[in-house]
Amino acid sequence: MEETKKTLLDDSFTSAMALTNSGVPQVPDRYVLPPSQRPALGSSLGTTETTLPVIDFSLLHQPSLRSRAIHEINIACKEFGFFQVINHGTPSSVVKDALDAATLFFDLPVEEKMLLVSANVHEPVRYGTSLNHSTDSVHYWRDFIKHYSHPLSKWIDMWPSNPPCYKDKVGKYSEATHVLHKQLIEAIAESLGLEKTYLQEEIEEGSQVMAVNCYPTCPEPEIALGMPPHSDFSSLTILLQSSQGLQIMDCNKNWVSVPYIEGALIVQLGDQVEVMSNGIYKSVIHRVTVNKDVKRLSFASLHSLPLHKKISPAPKLVNENNNAPAYGEFSFNDFLEYISSNDFIQQRFIDTIKKSIP
Ligand code: OGA
Ligand code: NI
């Protein structure tokens, strides 16, 4: 292990933060995207003005309004695989504290962060840059710390001990997102006509990966990205952003910028819900743009079934509608194995488990 870390250090691991702090006037060549993949910032080309759905989560707790909210969730999931939630019950102080802890973490000296660096996607706590600095052919303007977060007591001791407030603040936010996720899955199951309790047991034992992302200001945001187009392997991802930067692909394959709404959290459907719903809902393809003026932070909380538990299309959605299952089954671990040996930018994982229906 020590050996690997040392090699990485010698092997010119340079974080996006270090590049920004050194004042580079241009991005190094490894960040330059081929012209067809550039984000076309500031032009109307390729991006559209679309109103994206916002769900008032408090309606779900009011018996007379719940079915309306479930209907809105159904439409949002079908049209976009995405919505923002307001009145979600996570206190704004918990959100603010988590963002503050993340700021302090990324501001730490390089040597301190390098204690947690790893290119091994199976590592439960991992600091890195880009997607995987050791294998990426194009690099992305992002630094991250990722860690398993549920059950909290199992993992928290392995989290960064610096800044000293990190475990407490990020721990509180992780627990809040775990609770919210359970309520969201319940509502999503209901919106598909499934029992509210569908998958609840598995989710209680499920895994949660918190990806804390930092996108420093970038000298050439027109030719680089913070993250390439991808969908998440999760059931749902709950995303907290400190400012605008996320874009999602709509059903016409146009990129739509997700507006920053103070106090809102973003919900993205992941590959596990696409499979569970037998394709009635699709995971959302998204990417991250960067900019010259503001450093952006995000917390992507990726919730999924336990590491080795396979997810497959819900029997009710297959049988009742007389549909054949459109997907094979997969586990979170299958996904990790896939990304360890494949370029998931070239081919999406979910495409590898789709059944070709004659
Ligand atoms: C992710 C992700 C989006 C963002 O971590 O999978 O898509 O805005 N993050 O940071
Ligand atoms: Ni993502």
Side-chain angles (χ1 to χ4, degrees), residues 15-17 37 39 41 47 52 80-85 95 98-99 102-103 105-106 121 123 125-133 136 139-149 170 173-174 177 181 207-218 221 224-249 255-262 264-274 281-291 294-304 332 335-336 338-339 343-345 348-350:
S15 67
M17 241 344 223
Q37 294 170 28
L41 295 175
T47 53
L52 293 175
F80 297 100
F82 162 99
F83 52 91
Q84 303 215 49
V85 271
V95 168
L99 287 169
T103 304
F105 174 80
F106 289 108
V121 298
E123 202 75 61
V125 179
R126 187 157 84 85
Y127 167 70
T129 191
S130 188
L131 290 175
N132 191 331
H133 64 273
D136 291 343
H139 280 236
Y140 298 93
W141 201 261
R142 165 183 89 137
D143 298 338
F144 64 85
I145 167 111
K146 279 187 191 183
H147 41 65
Y148 287 6
S149 301
V170 179
Y173 178 70
S174 300
T177 44
H181 171 250
S207 77
Q208 178 180 10
V209 176
M210 190 62 83
V212 187
N213 301 307
C214 174
Y215 306 93
T217 54
C218 174
L225 279 173
M227 270 190 111
H230 68 282
S231 63
D232 295 344
F233 68 85
S234 54
S235 53
L236 298 182
T237 300
I238 299 176
L239 186 82
L240 160 67
Q241 57 173 354
S242 65
S243 56
Q244 188 164 319
L246 179 71
Q247 293 186 331
I248 63 167
M249 191 181 262
W255 288 109
V256 183
S257 290
V258 175
Y260 172 75
I261 302 177
E262 169 113 43
L265 290 170
I266 291 165
V267 178
Q268 305 192 121
L269 301 194
D271 294 346
Q272 293 190 3
V273 162
E274 177 165 339
Y281 294 164
K282 300 283 194 299
S283 55
V284 62
I285 297 182
H286 52 283
R287 69 179 185 184
V288 180
T289 58
V290 286
N291 72 83
V294 219
K295 174 171 76 181
R296 177 171 177 270
L297 293 171
S298 74
F299 278 74
S301 181
L302 290 95
H303 302 262
S304 68
F332 174 20
F335 171 80
L336 290 177
Y338 179 79
I339 61 167
D343 183 349
F344 79 100
I345 307 302
R348 291 175 66 204
F349 171 71
I350 187 134

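Counting convention: from 1, in listed order, for ligands and their atoms alike.
For the pair Q247/S257, a side-chain contact is recorded, criterion being any heavy-atom separation below 4.5 Å from C-beta on. Counting heavy atoms from C-beta on, the side chains of S235 and H181 come closer than 4.5 Å. Under the 4.5 Å side-chain criterion, counting only non-hydrogen atoms from C-beta, H230 is in contact with H286.
Ranking the protein heavy atoms by distance from atom 1 (C) of ligand 1 puts M227 SD, 3.6 Å first. Protein heavy atom in closest approach to atom 3 (C) of ligand 1: V288 CG2, 3.6 Å.
Of the heavy atoms in T237, none comes closer than 4.0 Å to ligand 1. Heavy atoms of D232 found under 4.0 angstrom from ligand 1 belong exclusively to the side chain.
Heavy atoms only, all atoms of each residue included: S283 and R348 are closest at OG-NH2, 3.1 Å.
Vertex the Ni ion (ligand 2); arms to D232 OD1 and H230 NE2; angle rounded to 10 degrees, 90°.
Inspection of the Q208 and T177 side chains reveals an N or O donor paired with an N or O acceptor under 3.5 Å.
The heavy atom nearest to atom 8 (O) of ligand 1, out of those in R296, H230, K146, is found in R296.
Under the 30°/60° scheme for interplanar angles, the aromatic rings of Y148 and F332 are found to be tilted.
Aromatic ring centroids of Y173 and F299 lie under 6.0 Å apart.
Residue N213 has at least one N or O atom closer than 3.5 Å to an N or O atom of ligand 1.
Within the structure, ligand 1 lacks F144 among the residues with a heavy atom less than 4.0 angstrom away. The closest approach between any non-hydrogen atom of H286 and ligand 1 is below 4.0 Å.
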